[in-house]
Number of protein chains: 2
Amino acid sequence: MYVLCSDLESVLLPELWVEIAKQTKIEELKLTTRDIADMNLLMQKRISALKENGVSFKDLQEVVSRSEPLEGAVDFLRWARKKMPVIILSDAFWEFVSPIAHKMDYPTVFCNSLEIDEEGFISGYKLREDGKRRTVEALQQTGMKVIAMGDSYNDVRMIQKAEKGIFFNASEKIKTEFPSVQATSDYEELKDIILETVR
Amino acid sequence: MYVLCSDLESVLLPELWVEIAKQTKIEELKLTTRDIADMNLLMQKRISALKENGVSFKDLQEVVSRSEPLEGAVDFLRWARKKMPVIILSDAFWEFVSPIAHKMDYPTVFCNSLEIDEEGFISGYKLREDGKRRTVEALQQTGMKVIAMGDSYNDVRMIQKAEKGIFFNASEKIKTEFPSVQATSDYEELKDIILETVR
């Protein structure tokens, strides 16, 4: 039995931190895992920038809740969920994903979580270290075959571990770096690749 | 992060084979994992009974597609999926679950699969041997905490392995046999148990 493990941001949703950066106009928040592969370093930068600019967790949730899934993403997700079990593996934070989960019909999402201090600022976070790859491996150990898809450096390990790995909306840089991974930015083509794999 | 691993039949859906038995009027098909814990033995009985009575796979899918989720199940599932990732772990067959998945908003379901012969009869099946327990363990290995719920003998191992195990709609027999497992047959009480666990 195949399971689809999909990244979330840039694949189904916009990059949430980029959305936050746009609306808060804090330049440093535009950086994503595409720019800095080290998630801890990236998060430290984000937390400092938010505190310096007085942006609370509540402000952030409000900003994030206005985000909309990428065009075609909801239809793709519905299609995929009819075909096979789908688990979204994301380095986003549950606290940001849950206010927009209804826009995707509440998919199953494994992700990180935030810690909020008494003043209402993000003070820390819990990362599922190498959680994407570890989840793919764990599913394989139970006899599942995995199709893994993502756009970024933090997806490469799960993509390489999966029976079938796919880059979706990936940058030219990463596609050139990992030329053996099939790549597309089109949901219809993505469906074809998935159908071909499970056949 | 907690994940909810829930059984399907008798917990969210009626027992599909009992539904099939009712509509095909084949008495042997009324047996479930509540009666016979050995899934292979149970399936052999079912396949023989279907062939003897000339009931094809297509007939079965039609019967199954008329099934409705248990009263309150869809609301419970929606509630749970807002709170945490949910994976349904079932010994049902994908081919029977998929025609009714839309009635539950396409949850993530890990289950078994059927083999159909050229004449359109069920000829075999692929079981995820001890798949429920193995999936719970695999999720725990990736750092997730698991709430596992089910009604029957084939749920006991995952229930015992989980950080929190719950019997839902279980028989008096099994509740007496495993008295340390918290039990309820009420979705509101179930929500309370889950909330208490994740707090």
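Scope of the values below: all heavy atoms of this structure, side chains included, with no hydrogens, waters or symmetry mates. What you see is a predicted model, and the numbers here were worked out from it, not measured in a lab. All chains are named by letter (A, B, ...) in the order of the sequence lines, taking the proteins before the strands, and each is independently numbered beginning at 1.
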Over 12 non-hydrogen atoms of neighbours within 6.0 angstrom of [atom1] in [X]:
{"X": "B/Glu62", "atom1": "CD", "result": "no"}
{"X": "B/Lys175", "atom1": "NZ", "result": "yes"}
{"X": "A/Lys58", "atom1": "NZ", "result": "no"}
{"X": "B/Lys161", "atom1": "NZ", "result": "no"}
{"X": "B/Lys145", "atom1": "NZ", "result": "no"}

Next on the checklist: Before you tell me yes or no, could you show the steps for B/Thr135 and A/Thr142 under side chain to side chain contact (heavy atoms under 4.5 Å, CB included), namely the whole-Å CA-CA distance, both residues' side-chain angles and the distance that decides it to 0.1 Å?
Outcome noted: CA-CA 6 Å; B/Thr135 303; A/Thr142 72; 4.0 Å; yes
Checklist entry - Non-hydrogen atoms of chain A under 4.5 Å away: do they reach the side chain of B/Arg81, the backbone, both or neither? => result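 Contact with chain A: backbone and side chain both.
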Checklist entry - Sub-3.5 Å donor-acceptor pair from the side chain of B/Thr108 to the main-chain atoms of A/Pro85, do we have one? => result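 No, because the side chain of B/Thr108 does not come within donor-acceptor range (under 3.5 Å) of the backbone of A/Pro85.
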Next on the checklist: Among B/Arg133, B/Gln140, B/Lys83, which residue has the highest count of heavy-atom pairs closer than 4.5 Å to chain A?
Outcome noted: B/Lys83
Checklist entry - When heavy-atom pairs shorter than 4.5 Å are enumerated against chain A, which of B/Met84, B/Arg78, B/Glu129 gives the highest number? => result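 Highest number of pairs under 4.5 Å: B/Met84.
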Checklist entry - Does a side-chain heavy-atom distance below 4.5 Å link A/Tyr106 with B/Val86? => result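 No, too far: nothing below the 4.5 Å cut-off.
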Item to check | Verify same cluster id: B/Leu114, B/Leu127 (apolar side-chain graph, 4.5 Å) | outcome: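 They do share one cluster, since a chain of ILVMFWY contacts under 4.5 Å joins B/Leu114 to B/Leu127.
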Checklist entry - Same cluster or not: are B/Phe121 and B/Trp94 linked, directly or through other Ile, Leu, Val, Met, Phe, Trp or Tyr residues, by side-chain heavy atoms under 4.5 angstrom apart? => result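 Shared cluster, no.
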Item to check | Closest contact, heavy atoms only, B/Gln141 versus A/Arg134 | outcome: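 Smallest heavy-atom distance, with atoms named: O-NH2, 2.8 Å.
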Item to check | Pairs of heavy atoms under 4.5 Å with chain B: top-ranked of A/Ser98, A/Gly143, A/Pro107, A/Ala138 | outcome: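 Result: the option with the highest number of such pairs is A/Ala138.
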Item to check | Point-to-point distance, once rounded to the nearest 0.5 Å, from CZ of B/Arg128 to CE of A/Met144 | outcome: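 Taking CZ in B/Arg128 and CE in A/Met144, the distance rounds to 5.0 Å.
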